[in-house]
Structure formats: structure tokens, C-alpha cells
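All residue numbers in this chain count up from 1 along the given sequence. The basis for the numbers below is simple: all heavy atoms, side chains too, and nothing from hydrogens, waters or symmetry mates.
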Amino acid sequence: MEQQNVILTGFMGTGKSTVGRHLAELLGCEFADTDVLIEERHGSSVAAIFAEEGEPAFRRLEATVAQELAQRQGLVIATGGRLMLDEANAALLAATGPVFCLTADPHTILARLREDGAQRPLLATPDPAQRIAGLLAERGPAYAAFPQIDTTGKTPAQVAKELQMLLDKTVLSVAYPQGSYNVVVGEDLLPSLTSLADISGPVVVITDTNVGPLYAAQFGPAAGVITIPAGEQHKTLQTVQFLYDELLAAGISRQATVVALGGGVVGDVAGFVAATYMRGLDFVQCPTSLLAMVDASVGAKTGVDMPQGKNLVGAFKQPQAVLADISTLRTLPPAEFASGMAEVIKSAIIGDPQLFLRLEAAPALVTPEDRIHWADVADFVTRSIEVKRSVVEDDPFEKGLRAVLNLGHTFGHAIEQASGYGIRHGEGVAMGLIAATTMSAELGHADESLTARIASVLIRSGLPTRIPHFLSADVLLAAMGSDKKKANGRLRFVLPRDIGDVIIVDDIPETTVVGVLRACGAS
Ligand SMILES: NC(=O)c1ccc[n+]([C@@H]2O[C@H](COP(=O)([O-])OP(=O)(O)OC[C@H]3O[C@@H](n4cnc5c(N)ncnc54)[C@H](O)[C@@H]3O)[C@@H](O)[C@H]2O)c1
Ligand SMILES: [Zn+2]
């Protein structure tokens, strides 16, 4: 397989060479430094070339080195400060792999330049820090063409590690009528929030009492953090009011970006606040539960519950970016992890037969220790998001098609509601997937064996498949009638015909529904 190069650019003193060497070691590949190559070829230092032959001669040498390196692959390349600001050089090298621009604040740059002891004309000016700030401002727009990695306060080894993570991630673009956003799936993404989500203004993190203490510090000291109590019972207008008050008290203006750090509850509440505070702020989702990664954070639905029912007030709010940092799942309670797996399995049934085969073949994901197959988990998340993306892109405002995403949910919601929410969403969905498949077989749309296949995958993920007997079919049927997803007062179901093939069926007789509920365990 062809190997890409990784190209580092940025102002002097941002650590390109040192970071580059560390990165090459991490990736197990060769390192090249354009200034060093030029010095070796020419037999004199960059400063001497400048002094004796002038800048244009040096730029010609740079162009030659750029052309040579563009013929090679699998290199980490640290480029001279201005090499990539030349359009021809940039076009040649950028075609061979990703480019990252290292940045740092002027004082850090000055300190690093003084430390390395090299003779720099810049250091001889009366106020070097101000001179550096001036040059940064001048070149900033040109460097802005590349993804920025802030190195201030980080060791070269830390920056290299961050770059390695960025190279390992998967990026999916989700389109909606007025634009698009990236969903990034990978490990240890949170420290790179601003570069990955392309945020320039102030950051306000909204998180909950479980997730905040574990992960909010990863955004660095500059981010403001507002914490709400964990739990669905706090997905209310009271919490929204509390958040408005906190934002106003902190003097947050429209330039700020709201970052949701947490499960679906935090995402829904923070998204609603971002949609409405000052008529809307930029919004970034950092989902930390499996359910939020594969479902809640993509599709732009936000909102809160009312005493009358769940999710009754809300708004569509497209995020600027979604960062699904898989490493946060290590602390997710096992039952929550299983709950998210229900949505992964649902996605596979809706639109990814290959994912379903993977789930059938994967080792059982029942205990927390089983969750060490992180590459698998990242892949499950990515594929589930791809299924959701393909559906929401075709129906951004939920006019119809999106209904397929409700596979298992008409039953699931009724089970959750009738149990007084003692049964988790994912558990209800798991039972609902079996009920929908049973109904499909009953109506002749699917083969009987499909139910057993789906049940086996659910069980291996630690999910229930039978509706508890204490729930009666009549109560469940009544609960379905109050589900806002019913079409014109008639019951509508999404039914699997096979893995990767679902249909929407309206007007199912109540007697059929009751029969299916009883067959699936209800009294
Ligand atoms: N907007 C949408 O499209 C959409 C889609 C599906 C679900 N939802 C909503 O999402 C909510 C459910 O989401 P959820 O299951 O993530 O619930 P949740 O947000 O309540 O999170 C579940 C629990 O796990 C904790 N937690 C989350 N991440 C953690 C981590 N990494 N480590 C330790 N603890 C962690 C939370 O604090 C919470 O106690 C519901 O309100 C539902 O309506 C929205
Ligand atoms: Zn769901």
C-alpha cells in the first residue's frame, strides 16, 4: 500500500523539527528536514546562504528540495518556515499527505529561539517579542490554510502524540441544506478540540456532574465550564434557564462556541441552549456515551422534556463539528455501553449488513473487560454514524424518510414509558427490535429465523430481548398511541425484511400489535 507523507509547517520556534523527529519515531518512518537537506547539499548554513547568495537563491534551493521530497513517500517532513507559503511547493507536498501547521504564542516562540542558541537576526531587534507578534500576524492568514496545532505549553513528545492521534482518526462529512460538518471518530481527540472543530473564539463547555470531572480539563484552562446535574430528569426548561443565567453572568457573547461534553442529555440540552441563546451560537458536540456517539450527536435534533412527555420542546441545530472521542467510553458504565450497542445493532439492521456480520463474529461485549477491542468499537461507531448520516442527509428535517431510524423505537418508547423509565432507552429498543422482527415475520415480510439472529447479537451485547411480564400489552398499546411519531393517528411501524432491508408499514391492526406484544413477553 502506498504510504503518505506527513508535512509540518509553521513559524520558526514552533517545534517542527523536534516534533517531526518524535513523530517519525512514533510512526516508525523516516524523518526529513528541508533546511538540513539544503545545508547538507550546499555545504553551508541557511544563514550563510542568505548572506552570501541572497533570499531568492535560497528559495530556489527550497523549491528543488520540495520537488525531490514530493517524489518520495512514508516520510515525516519538517519544512522551513516559509517553504509551504509558496503555492507551488505547497501544492506539490500537500498532494503527498496531510499538512499540519504548528503554532505557539509569541512568548513561547521567543523563549524557544533563545534556548536553541542559534544566531537569529530576529533576536537582535530591540523588541523581539513584538517583532515576532508582528510577523505572526502578517503570515497568519497564509498559514491558516493548514490545520493548526497549538504547541504552547506542550512538550514535543506531547505534540507528536497528538499528531499521531489525528492521523489515526476517521472523518465523516455530514451534509445538510446550508452546509456540512465533520464527525471525527478516534481516540484522545478532546485535547485537539479547537483545531479539529476549527474554533477561533471563546469556548464554553456544558457538561454533567459525571463527565465534567473526568474529561473537561482536557480542553485546557482557557475553556469555561458549566456543569449540570447528570440524568434525564434534568433535561428540562429549568436546566435551560440555569444555563442561560450562567452564560449571561459570564458575559458570553455571540462569538463564543458552546461545546457539549457528555451523553445525549447534555447534547440535547446544550444544543437547545446553543440554538436559542442570543439567537444562536456555534455548537460542537463531544459525545461521551456510545448512544450519543452513534445516535444523538448526529442529525441536529436538540431539545428538552416536558412534564407532558419526552423531547416535546426543541430545535434543529446543526453542529459545527462532532468529536466522538472513543477513549472516553472506557469510563462509561457497562449498562450504558450496552444501551448504546442497541443503537449500533439497530443501525446494522437498517443499513449495514456487513456491520451485522461483524457483530455476529465479534467476541461477546458483555463485561467491561470485553470492551478492550477498541479498534472494533471505533469501527462500530463509524459505521453506525454512516448509516444515520445517509438517512438524515436525505431527510434533514425529518419529513418522512428518517422514520426508518425509529426501527424498534415505537415498541421501545412504549416500553420505556410504561416502565416509568425504569427500563433504559437502549434496553427498550433491544426489546423493540425483537418485537418489530416478530411482527415482520407474523405479517409475512421476514423469515422466522431473522428474529433468532437478531436476538443472538443483542444477547451477546448484554441486552434483554423479552418484554418483562409486569408490562401489559394494553398499557403498552396505549403508550404507543401517545407517541408523537404516529402518523395521522394510525400506528406506523418500521419492520425489517432482512438485515439491511427495512420497510415502513402503516395501519397495522391493534389486535396484531397486542398479539406481537404478548408473544414477546408482555402480559
Ligand atoms: N437528539 C437526538 O437525535 C437524540 C437521539 C437519541 C437519544 N437522544 C437523547 O439522548 C438521551 C440519552 O443519552 P444517553 O444514553 O447518553 O444518556 P445520558 O446523557 O443520561 O448519559 C448516561 C449516563 O452516563 C454518564 N456518562 C456519559 N458519558 C460517560 C462517560 N464517558 N463516562 C462515565 N459516565 C458517562 C452520564 O453522566 C449519565 O449518567 C435521551 O435524553 C434521549 O432523548 C437524543
Ligand atoms: Zn434511540
Side-chain angles (χ1 to χ4, degrees), residues 338 341-362 364 384 387 391 401-416 418-419 423 425-469 471-481 483 485-487 490-523:
M341 282 304 292
E343 304 285 356
V344 172
I345 295 164
K346 177 199 81 174
S347 305
I349 300 169
I350 294 171
D352 192 342
Q354 238 194 321
L355 172 58
F356 197 86
L357 291 175
R358 292 274 311 276
L359 292 165
E360 283 183 311
S384 304
V387 170
V391 177
L401 266 181
R402 250 200 217 202
V404 298
L405 293 172
N406 290 325
L407 174 65
H409 279 59
T410 306
F411 289 110
H413 283 146
I415 294 165
E416 265 185 282
S419 74
I423 292 174
H425 179 71
E427 294 164 351
V429 170
M431 299 170 198
L433 290 174
I434 294 302
T437 313
T438 306
M439 180 180 273
S440 191
E442 183 102 334
L443 297 173
H445 296 299
D447 193 87
E448 296 278 346
S449 63
L450 189 60
T451 317
R453 248 186 108 185
I454 294 174
S456 132
V457 168
L458 291 169
I459 290 164
R460 284 147 52 78
S461 294
L463 287 160
T465 54
R466 286 199 59 84
I467 301 169
H469 198 61
L471 294 175
S472 85
D474 295 331
V475 170
L476 290 171
L477 185 67
M480 280 177 206
D483 190 315
K485 293 196 178 77
K486 70 188 171 189
R490 290 165 178 160
L491 283 173
R492 148 179 290 190
F493 288 90
V494 185
L495 304 179
R497 284 199 291 208
D498 199 350
I499 303 299
D501 177 13
V502 295
I503 46 167
I504 297 173
V505 184
D506 285 313
D507 278 337
I508 306 256
E510 291 194 350
T511 48
T512 307
V513 180
V514 168
V516 167
L517 285 167
R518 296 221 167 100
C520 292
S523 53

Shortest non-hydrogen pair, A446 vs P496, comes out as CB-O, 3.5 Å
With sequence neighbours excluded, tell me which residues meet salt bridge (charged side-chain N to carboxylate O under 4.0 Å, His left out) with D447. none
Does any part of the side chain of H409, heavy atoms only, come nearer than 4.5 Å to the side chain of E416, both counted from C-beta? no
Pair L477, L491 - check side-chain contact (heavy atoms from CB on, under 4.5 Å), show working. CA-CA 10 Å; L477 185 67; L491 283 173; 3.9 Å; yes
Minimum heavy-atom distance between G500 and P353, given as atom pair plus value: CA-CG, 4.0 Å
Pairwise ring pair (Phe, Tyr, Trp, His ring centres under 6.0 Å) hits with a residue in residues 501-523, at least two apart: none
Provide the closest heavy-atom pair for G426 versus A342 in the form atom of the first, atom of the second, distance. O-CB, 3.2 Å
With side chains defined as the heavy atoms from C-beta onward, is the minimum distance between V505 and M439 less than 4.5 Å? no
Please tabulate, for side-chain N and O atoms in residues 511-523, each donor-acceptor pair with protein atoms closer than 3.5 Å (sequence neighbours left out).
{"from": "S523", "atom 1": "OG", "to": "H469", "atom 2": "O", "distance (Å)": "2.9"}
{"from": "S523", "atom 1": "OG", "to": "L471", "atom 2": "O", "distance (Å)": "3.3"}

Listed by chain and number, what are the side chain to side chain donor-acceptor pair (under 3.5 Å) partners of D501, not counting sequence neighbours? R497
E360: what forms a salt bridge (charged side-chain N to carboxylate O under 4.0 Å, His left out) with it, not counting sequence neighbours? R453
State, yes or no, whether a side-chain contact exists between L463 and V457 at a heavy-atom distance under 4.5 Å. no
Supply the atom-to-atom distance I345 CD1 to L407 CG, rounded to the nearest 0.5 angstrom. 11.5 Å
With R402, the side-chain contact (heavy atoms from CB on, under 4.5 Å) member among L405, V404, N406: L405
Contacts of T451 meeting side-chain contact (heavy atoms from CB on, under 4.5 Å) (sequence neighbours excluded), chain-then-number -> I434, T437, T438
If you define the side chain from C-beta out and look only at heavy atoms, does anything of S461 sit under 4.5 Å from V344? no
Hey, does the side chain of S440 reach the backbone of A436 with a donor-acceptor pair shorter than 3.5 angstrom? no
Here the gap from I503 atom CD1 to L443 atom CG, rounded to the nearest 0.5 Å, amounts to 8.5 Å
According to the ring pair (Phe, Tyr, Trp, His ring centres under 6.0 Å) rule, which pairs have a member within residues 491-523, sequence neighbours left out? F411-F493
If you round to the nearest 0.5 Å, how far is CD1 of I508 from CZ of R492? 11.0 Å
Mind listing the closest non-hydrogen atom pair of L476 and A418 along with its distance? CD2-CB, 3.7 Å
Nearest 0.5 Å, please: how far is CG in L359 from CD1 in I349? 9.0 Å
Dump the intermediate steps for side-chain contact (heavy atoms from CB on, under 4.5 Å) on V494 and I350, then the final yes or no. CA-CA 10 Å; V494 185; I350 294 171; 6.0 Å; no
Scan for salt bridge (charged side-chain N to carboxylate O under 4.0 Å, His left out) pairs involving residues 426-442, sequence neighbours excluded, and state none if there are none. R424-E427
Residues in side-chain contact (heavy atoms from CB on, under 4.5 Å) contact with S347, at least two apart in sequence or another chain: S384, V387
Atom of A403, atom of I504 and distance for their closest heavy-atom approach: CB-CD1, 3.8 Å
If the condition is side-chain contact (heavy atoms from CB on, under 4.5 Å), which residues does R466 pass it with, not counting sequence neighbours? none
